[in-house]
Asks: 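Shown below is the structure under consideration.
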Amino acid sequence: MDVVVENLTKFFENQKAVDSISFKAKRGEILGFLGPNGAGKTTTMKIMAGLLTPDFGNITFGDYSIWKQAGKIKSIIGYLPERNPLYDEMNVIDFLFFISKLHNIPKYKITSRVLDMIRLCGLDNDKHKQIGELSKGYRQRVGIAQALIHDPEVVILDEPTTGLDPNQIFGIRKIIKEIGEEKTVILSSHILSEIETTCDQVMIMSNGKIVANGTTSELRRKSDAEYCLKIGI
Ligand code: ATP
């Protein structure tokens, strides 16, 4: 599904956290947001996920606008927040069944959907474990499975690899690539190499603005040093 963001702006009191940003992402494309702490990535993603209302601007998901069809958009989006709360005392498979029911997935579809997500997220050996016993990387995989359970067309992942060890980072990037083959993925990160290796298109944010954007090869042609210095990463 195509996503079009136009002049999106969000203030917190007098501070412009997101300053008139515009971009487009297509189905089958992974769009990455790169930027230091406080750049405005999370705020942008929360607006896209319907958790915050912008002060100005619009977002359309296909034919649906956030101002007119907010309810419909909720079912189109899968969102992994930066700090994802999970039910530690539940086991993985019960948790994903529970989330499926919250999404009103028809009963006859739930088992196959849950098993597909367990496979996609590499959770086969952990499906009967309590979430509280899992490592940070495996918890993040459960979070991704949760975000995808209702088969959303647009998937928003806020810093999914932050704080993970290199093995888990590699595994999660592979999952994101697989998701990006058929869905529109919006991903944020602090890590330049992560965005370069995972994304088709990159938006570099600083102080609420997009300070550089393009395909990864276009940005590579520009001076890396120049834009990293500009945003202090
Ligand atoms: P990080 O990588 O640390 O998550 P970020 O790029 O996601 O950073 P945001 O979390 O979007 O950045 O924050 C953008 C700016 O908005 C920051 O200056 C932040 O302090 C401010 N901000 C974010 N949420 C709120 C809030 N609920 N109330 C007030 N200010 C906020």
Side-chain angles (χ1 to χ4, degrees), residues 1-8 10 18 21-35 39-54 57-82 84 99 103 105 113 116-117 119-121 140-141 143-162 171-189 191 194-205 210 212-219:
M1 173 173 279
D2 290 355
V3 180
V4 180
V5 173
E6 292 169 299
N7 303 319
L8 202 68
K10 178 74 185 171
V18 176
I21 67 168
S22 301
F23 60 89
K24 290 181 188 171
K26 291 193 198 115
R27 181 171 186 268
E29 185 172 76
I30 305 179
L31 181 143
F33 275 102
L34 181 70
K41 307 180 297 296
T42 295
T43 305
T44 303
M45 292 182 136
K46 281 186 178 167
I47 298 170
M48 295 183 81
L51 300 176
L52 286 175
T53 308
N58 191 20
I59 308 176
T60 51
F61 295 89
D63 293 333
Y64 304 118
S65 151
I66 53 163
W67 296 110
K68 293 183 188 147
Q69 290 101 359
K72 175 74 191 161
I73 288 169
K74 285 221 184 299
S75 66
I76 289 172
I77 289 170
Y79 174 56
L80 176 74
E82 197 174 359
N84 191 29
I99 297 294
H103 280 291
I105 297 174
R113 189 71 200 149
D116 282 351
M117 290 308 97
R119 182 208 55 77
L120 174 73
C121 296
Q140 198 63 311
R141 288 167 185 252
I144 295 172
Q146 173 192 8
L148 291 172
I149 201 79
H150 57 299
D151 201 14
E153 295 193 52
V154 179
V155 179
I156 300 169
L157 305 171
D158 196 356
E159 297 191 22
T161 62
T162 297
I172 287 188
R173 281 184 196 163
K174 233 173 110 193
I175 297 167
I176 296 169
K177 283 272 199 193
E178 197 173 334
I179 301 167
E181 282 169 19
E182 57 170 47
K183 298 182 186 294
T184 316
V185 179
I186 315 286
L187 166 75
S188 72
S189 178
I191 310 164
E194 169 154 293
I195 294 286
E196 282 193 326
T197 51
T198 317
C199 300
D200 304 296
Q201 208 194 143
V202 187
M203 303 285 133
I204 298 181
M205 279 191 91
I210 293 173
N213 67 292
T215 61
T216 45
S217 52
E218 280 167 353
L219 284 180

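Along the sequence shown, residues carry numbers from 1. Note that the structure is predicted; figures quoted are calculated from it, not measured. Note that these values count all heavy atoms, side chains included, but never hydrogens, waters or copies made by symmetry.
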Asks: If you draw a 6.0 Å radius around NZ in Lys68, do more than 12 non-hydrogen atoms from other residues or ligands fall strictly inside?
Replies: no
Asks: Any side-chain heavy atom of Ile179 within less than 4.5 Å of one from Leu148?
Replies: yes
Asks: Answer yes if the side chains of Glu29 and Thr184 hold a donor-acceptor pair under 3.5 Å, and no otherwise.
Replies: no
Asks: Please name the pair of heavy atoms, one in Ile47 and one in Pro54, separated by the smallest distance, quoted to 0.1 Å.
Replies: CG2-CD, 3.7 Å
Asks: Using a 4.5 Å cut-off on heavy atoms from C-beta on, say whether the side chain of Ile66 contacts that of Phe61.
Replies: yes
Asks: Quick check: closest heavy atoms across Asn58 and Ser65, and the distance to 0.1 Å?
Replies: OD1-OG, 3.2 Å
Asks: Evaluate the criterion side chain to side chain donor-acceptor pair (under 3.5 Å) for residue pair Thr42 and Glu82; output intermediate values, then yes/no.
Replies: CA-CA 8 Å; Thr42 295; Glu82 197 174 359; 3.1 Å; yes
Asks: Distance alone, cut at 3.5 Å: any donor-acceptor contact between the side chains of Thr215 and Gln201?
Replies: no
Asks: Salt bridge (Lys or Arg N to Asp or Glu O under 4.0 Å) for Arg173 and Glu194? Distances and angles first, verdict last.
Replies: CA-CA 8 Å; Arg173 281 184 196 163; Glu194 169 154 293; 3.0 Å; yes
Asks: Looking at CD1 of Ile30 and CD1 of Ile186, how far apart are the two atoms once the value is rounded to the nearest 0.5 Å?
Replies: 10.0 Å
Asks: Please step through side chain to side chain contact (heavy atoms under 4.5 Å, CB included) for the pair Ile21 and Thr44, ending with a clear verdict.
Replies: CA-CA 9 Å; Ile21 67 168; Thr44 303; 3.7 Å; yes
Asks: Would you compute the distance between atom CD of Glu159 and atom OG of Ser188 and round it to the nearest 0.5 angstrom?
Replies: 4.5 Å
Asks: Taking the side chain as every heavy atom from C-beta outward, state whether Glu178 and Leu120 have any pair of such atoms under 4.5 Å apart.
Replies: yes
Asks: Kindly indicate, with the supporting measurements, whether the criterion side chain to side chain contact (heavy atoms under 4.5 Å, CB included) is fulfilled by Ile59 and Leu8.
Replies: CA-CA 8 Å; Ile59 308 176; Leu8 202 68; 3.8 Å; yes
Asks: Is the shortest heavy-atom distance from the side chain of Leu34 to the side chain of Met203 under 4.5 Å?
Replies: no
Asks: What closest approach, in Å, do Pro152 and Ala147 show between heavy atoms, and which atom pair accounts for it?
Replies: CG-O, 3.5 Å
Asks: Do Lys26 and Leu31 come within less than 4.5 Å of each other through their side chains, counting heavy atoms only?
Replies: no
Asks: Measuring from Lys177:NZ to Cys199:SG, what's the distance to the nearest 0.5 Å?
Replies: 8.0 Å
Asks: To the nearest 0.5 Å, how far apart are CD in Glu153 and CD in Glu182?
Replies: 10.0 Å
Asks: Mind checking whether Phe23 and Phe33 have parallel, tilted or perpendicular rings, split at 30° and 60°?
Replies: perpendicular
Asks: State, with a plain yes or no, whether a side-chain heavy atom of Tyr79 is found less than 4.5 Å away from one of Lys46.
Replies: yes
Asks: Rounded to the nearest 0.5 Å, what's the gap from NZ on Lys74 to NE2 on His150? Could you check?
Replies: 10.5 Å
Asks: Taking the side chain as every heavy atom from C-beta outward, state whether Ile172 and Ile144 have any pair of such atoms under 4.5 Å apart.
Replies: yes
Asks: Is the shortest side-chain heavy-atom distance between Leu187 and Ile176 below 4.5 Å?
Replies: yes
Asks: Looking at Ser75 and Lys72, would you say the former's side chain and the latter's main chain have a donor-acceptor pair under 3.5 Å?
Replies: yes
Asks: Kindly compute the distance separating NZ (Lys24) from OG1 (Thr60), expressed to the nearest 0.5 Å.
Replies: 9.0 Å
Asks: For a side chain to side chain contact (heavy atoms under 4.5 Å, CB included) check, start with the C-alpha distance between Ile149 and Ile105, then their side-chain angles and the critical distance, and finish with the verdict.
Replies: CA-CA 9 Å; Ile149 201 79; Ile105 297 174; 4.2 Å; yes
Asks: For Arg27 and Val154, run side chain to side chain contact (heavy atoms under 4.5 Å, CB included): C-alpha distance rounded to whole Å, both residues' side-chain angles, the deciding distance at 0.1 Å, then the answer.
Replies: CA-CA 8 Å; Arg27 181 171 186 268; Val154 179; over 6 Å; no
Asks: Using 4.0 Å as the upper bound for N to carboxylate O, is an ion pair formed by Lys183 and Asp151?
Replies: yes
Asks: If we ignore hydrogens and angles and just use 3.5 Å, is the side chain of Asp158 paired with the main-chain N or O of Leu80 as donor and acceptor?
Replies: no
